[in-house]
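Read through the structure below, which is laid out as structure tokens, and then see the notes.
In each ligand, atom 1 is the first atom listed, and ligand 1 is the first ligand listed. The shown structure was predicted, so the numbers you read here are calculated from the model rather than taken from an experiment.
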Amino acid sequence: MSETSMQHPDVESVLFDEETIASIVKRMGEEITRDYHDRDLVLIAVLRGAVVFMGDLMRAIDVPLAIDFMAVSSYGDKAKSSGVVRIVKDLDMDIKGRDVLIVEDILDSGLTLKYLMKNLSSRKPASIEVATFLWKDIEGKQAAINPKYVGTHCPDAFVVGYGLDFAERYRNLPYVGILKPEVYS
Ligand code: IMP
Ligand code: MG
């Protein structure tokens, strides 16, 4: 069977299909277009998970913009957050005085983004906000940062697809699905 054409055998259930994802991204693009029409927008995607969302989101935004990428490592191949964040690849661009929007695939504890926002703020951008495709709801826990743009909430399960991986696999699935626990435990 091919990797992407049907529901993958390692996926327990599909949470967001392609059509749902497209309408979420369209709505977010409209919100960002409205808010940034007279600004100097730089989208910064966090590699590698956010590249798929970045590719869709940037085409849904109808204002001039630049893009750049950062890579941080916080998860390794494990299914839970270590809280340890390390910059693996830094920006190529100078963001001083510009309006930075960090593009993320999924917000969980928010520790990764908290660290990134602190780091990027020290470079004196005009503004800095976060657009996350998914926000993982965890009972009794509050994320360390408050994203301005949220695609949709997702349950506290390990999800893959639409850029999200487990051990670098499943990023190419066109939908977001819950990974079967036996695959990672
Ligand atoms: P945080 O620092 O706990 O918010 O971790 C966020 C990062 O962990 C995301 O950018 C993802 O790379 C990764 N992550 C968190 N939850 C999942 C998941 O369910 N599937 C795949 N990656 C995840
Ligand atoms: Mg990520």
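- Close approach of ligand 1 to A157 is summarised as follows: ligand atoms under 4.0 Å from at least one heavy atom of the residue are 19 (O).
- Taking each of D105, V159, L164 in turn, the one with a heavy atom nearest to atom 20 (N) of ligand 1 proves to be V159.
- You'll find the ring centres of Y162 and F16 outside the 6.0 Å limit.
- Of the listed options F158, Y184, Y115, F158 places a heavy atom closest to atom 21 (C) of ligand 1.
- Atoms of ligand 1 found under 4.0 Å from any heavy atom of K136 (numbered from 1 in listed order, with element): 16 (N), 17 (C), 18 (C), 19 (O).
- Remark: side-chain polar atoms of K148 are not paired, donor with acceptor, to backbone N or O of A131 under 3.5 angstrom.
- Of all atoms in ligand 1, listed by their number and element, those nearer than 4.0 Å to a heavy atom of T112 are 1 (P), 2 (O), 5 (O), 6 (C).
- In this structure, V160 does not count as a contact residue of ligand 1, since none of its heavy atoms falls inside 4.0 Å of the ligand.
- Between D68 and R98, no side-chain nitrogen of the basic residue sits less than 4.0 Å from a carboxylate oxygen of the acidic one, so the salt-bridge criterion is not met.
- Contacts between D108 and ligand 1, counted as non-hydrogen atom pairs separated by less than 4.0 Å, involve both the backbone and the side chain.
- Scored by the side chain to side chain contact (heavy atoms under 4.5 Å, CB included) test, D10 finds H8, R169, Y170, L179, V183 as partners (sequence neighbours excluded).
- Between S127 and R39 there is a side-chain heavy-atom pair separated by less than 4.5 Å.
- Contacts between A143 and ligand 1, counted as non-hydrogen atom pairs separated by less than 4.0 Å, are absent for every part of the residue.
- Contact annotation for D165 and ligand 1: only backbone heavy atoms (N, CA, C, O) come within less than 4.0 Å of the ligand.
- Contact between G49 and ligand 1 is absent, with no heavy atom of the residue lying under 4.0 Å from the ligand.
- Between R34 and E30 there is no salt bridge, since no side-chain nitrogen of the basic residue lies less than 4.0 Å from a carboxylate oxygen of the acidic one.
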